[in-house]
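Worth saying up front: this structure is predicted, and the values here are computed from it rather than measured. Throughout, protein chains are lettered first and strands after them, A, B, ... in sequence-line order, and every chain is numbered starting at 1.
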There are 2 protein chains.
Amino acid sequence: MARPSDQAKRRDLTDRVRAYLVRNGLAGLSLRPLARALGTSDRMLLYYFGTKEGMVAEALALDERRPLVQARAVFDSAESPRDPAGIRRFMEETWQRFGAPDLRPALPLYMEIMAAGLIDPDRYGPVLRDVLAEWTDLLASAFRGLGMREAPARTEAALLVDATFGLLVASLAEGGREQADAAFHALLDRLEPGWHVT
Amino acid sequence: MARPSDQAKRRDLTDRVRAYLVRNGLAGLSLRPLARALGTSDRMLLYYFGTKEGMVAEALALDERRPLVQARAVFDSAESPRDPAGIRRFMEETWQRFGAPDLRPALPLYMEIMAAGLIDPDRYGPVLRDVLAEWTDLLASAFRGLGMREAPARTEAALLVDATFGLLVASLAEGGREQADAAFHALLDRLEPGWHVT
DNA sequence: ATATGCATGTAGCGATCGCTACGGTAAAAA
DNA sequence: TTTTTACCGTAGCGATCGCTACATGCATAT
């Protein structure tokens, strides 16, 4: 039985599966409780998605790289940051975006996927590495645009990205964002002077 | 059936369960494959540990807080860092410790537990928060010892801890440590000047 | 020599897993 | 009107799950 490719019901179901995954994670995921919560049956989930694995892949595919895509959109559009203040503004906007109510609730799920990739690289393996690498590449090019050489630009970008990532995780763990917000801006205060190369 | 409390076999089994968990994670953990890998039977695991949950708890209990404990040991013993250079040395030693072959292989498992706690705070909930909080408290006291006021000391400590955490995760994701090492030392280079308050 | 208790094998229980077979309804297409 | 196509309920398969009941060898204590 060929699966329907792009029905409205299927789209709707995909969204609701994703919402369920965001709330419940991937760990103990089971088709029957999921179907019950969605007001349907496991039979229907498999009818639309073929397999459980396919369902998860499809439900996450739309959002999987969204944080990155959004960042690249901000980066490429508007004004590509060509000066230290622009890079700082870009980072602040990105930080704020991660706190927005449409993205922030999904972050724990991404964290679970990234952690799973650390243990079993064959499954969700490159997600975390790819996300960090793309962000780092993005910012490294910005730092090169400021006149930095290749190696320092990469190091500076890696520092900025990885440190921000750590602050993001911490803000999720703490619940509130105040302390992480303060630390994030302190980070920018400390790093920005190094971007003014001549 | 009362479980034996502290036999040698039990200890040995606990260690080997932990080693298995470090390699395979918690996600799809099943008693029978675990027992097979350990050359015993699920029957025996339950005989010694009572339940699967108890087994996991016991296998992880010894190591669960070890990174933190070791850090506190380093911090409290030797010389409690009382100057910026001492804090920097402490951070460098800690960073190196996380790269040591006895600790580093276990970090992905801790990441999995921490990520799980983000999604379901009732289960492994406070692990990540507690670890970050204790580290932050530790360093905040050191910064207060340098003459900082309460709020800046907390922010500086949170920045240092969370950023280091992010760099640590990145180093796990990348496989190699070179880039994260460079970024870590760059981080210290940028932060240390701020510790010289008068 | 007998009794007690730890250690372990065999067998299986009830539940749940992902998934499938089969049949049916209703609407659209021919 | 007939045939196709999308949708969905019922029932169950084989596998695996955590866990338990029961029996037994073996060692030590009495």
Trainee: Under 4.0 Å: is that the gap between some side-chain N or O of A:Y47 and OP1 or OP2 of D:dC8?
Mentor: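 Result: no.
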
Trainee: Anything under 30° is parallel, anything over 60° is perpendicular, the rest tilted; go ahead and classify B:F143 against B:W195.
Mentor: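 Geometry flag for B:W195 against B:F143: tilted rings.
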
Trainee: Between B:R16 and B:D12, is there a salt bridge with N-O shorter than 4.0 Å?
Mentor: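 B:R16 and B:D12: salt-bridged.
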
Trainee: If you count heavy atoms of other groups shown closer than 6.0 angstrom to CD of A:E53, is the number above 12?
Mentor: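 Count not over threshold, so no.
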
Trainee: Rounded to whole angstrom units, what separation is found between the CG atom of B:L34 and the C1' atom of D:dC17?
Mentor: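 To the nearest whole Å, that distance equals 14 Å.
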
Trainee: To the nearest Å, give me how far apart CG (B:D12) and P (C:dA7) are.
Mentor: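 From B:D12 CG to C:dA7 P: 13 Å.
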
Trainee: For the helix from C:dA1-D:dT30 to C:dA30-D:dT1, measure the angle between the helix axis at one end and the axis at the other, each built from five pairs, rounding to 10°.
Mentor: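 Computed angle between terminal axes is 10°.
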
Trainee: Between A:L46 (CG) and D:dC7 (P), how many Å, whole number?
Mentor: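 Roughly 15 Å, once rounded to whole Å.
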
Trainee: Counting only side-chain nitrogens and oxygens, does A:Y48 get under 4.0 Å of the OP1 or OP2 atom of D:dC8?
Mentor: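 Yes, within the criterion.
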
Trainee: Tell me: CG of A:L38 to C1' of D:dC8, nearest whole Å?
Mentor: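 So the two atoms are 15 Å apart, to the nearest Å.
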
Trainee: Of the nucleotides C:dC19, C:dT20, D:dA21, which one has an atom closest to the side chain of B:R43?
Mentor: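 The listed nucleotide nearest to B:R43's side chain is D:dA21.
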
Trainee: Looking at every non-hydrogen atom in both residues, tell me the closest pair between B:L29 and B:L34 and how far apart they are.
Mentor: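 Looking at all heavy atoms of both residues, the shortest contact is CD1-CD2, 4.3 Å.
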
Trainee: Starting at atom CG of B:D42, determine the distance to atom C1' of C:dT10, rounded to an integer number of angstrom.
Mentor: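 One finds 11 Å between C1' of C:dT10 and CG of B:D42, rounded.
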
Trainee: B:L45 has an atom CG; how far is it from atom P of D:dC17, in whole Å?
Mentor: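 Going from B:L45 (CG) to D:dC17 (P), I get 13 Å.
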
Trainee: Looking at B:R23 and A:I119, what are the two nearest heavy atoms and their distance?
Mentor: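 Looking at all heavy atoms of both residues, the shortest contact is O-CG2, 4.1 Å.
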
Trainee: Once you round it to whole Å, what is the distance between P of D:dC19 and CZ of B:F49?
Mentor: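 After rounding, the reported distance stands at 13 Å.
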
Trainee: With a 6.0 Å cut-off on the ring centroids, do B:W95 and B:F165 count as close?
Mentor: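 Between B:W95 and B:F165, the centre distance exceeds or equals 6.0 Å.
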
Trainee: Under the side-chain hydrogen bond (donor to acceptor under 3.5 Å, both in side chains) test, which residues partner B:R88, sequence neighbours left out?
Mentor: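 Result, side-chain hydrogen bond (donor to acceptor under 3.5 Å, both in side chains) vs B:R88: B:E92, B:D189, B:E192.
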
Trainee: Is there a side-chain polar atom (N or O) of B:K9 under 4.0 Å from OP1 or OP2 of C:dT8?
Mentor: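 The answer is yes; a side-chain N or O of B:K9 sits under 4.0 Å from OP1 or OP2.
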
Trainee: Is the shortest side-chain N to carboxylate O distance from B:R154 to B:D137 below 4.0 Å?
Mentor: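 Between B:D137 and B:R154 there is a salt bridge, with a charged N closer than 4.0 Å to a carboxylate O.
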
Trainee: Is there a residue in residues 25-32 of chain B whose heavy atoms reach under 4.0 Å of DNA chain D, and which residues are they?
Mentor: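 Within residues 25-32 of chain B, the residues near DNA chain D are B:L29, B:S30, B:L31, B:R32.
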
Trainee: Please report the shortest heavy-atom distance between B:E156 and B:M148, naming the atom on each side.
Mentor: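 Reported closest heavy-atom pair: CG-CE, 4.1 Å.
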
Trainee: Can you tell which of C:dG9, C:dC19, D:dC7 lies closest to the side chain of A:M44?
Mentor: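 Nearest listed nucleotide: D:dC7.
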
Trainee: Ignoring the backbone of B:P33, work out which of D:dT20, C:dC19, D:dC17 is nearest its side chain.
Mentor: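 That would be D:dC17.
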
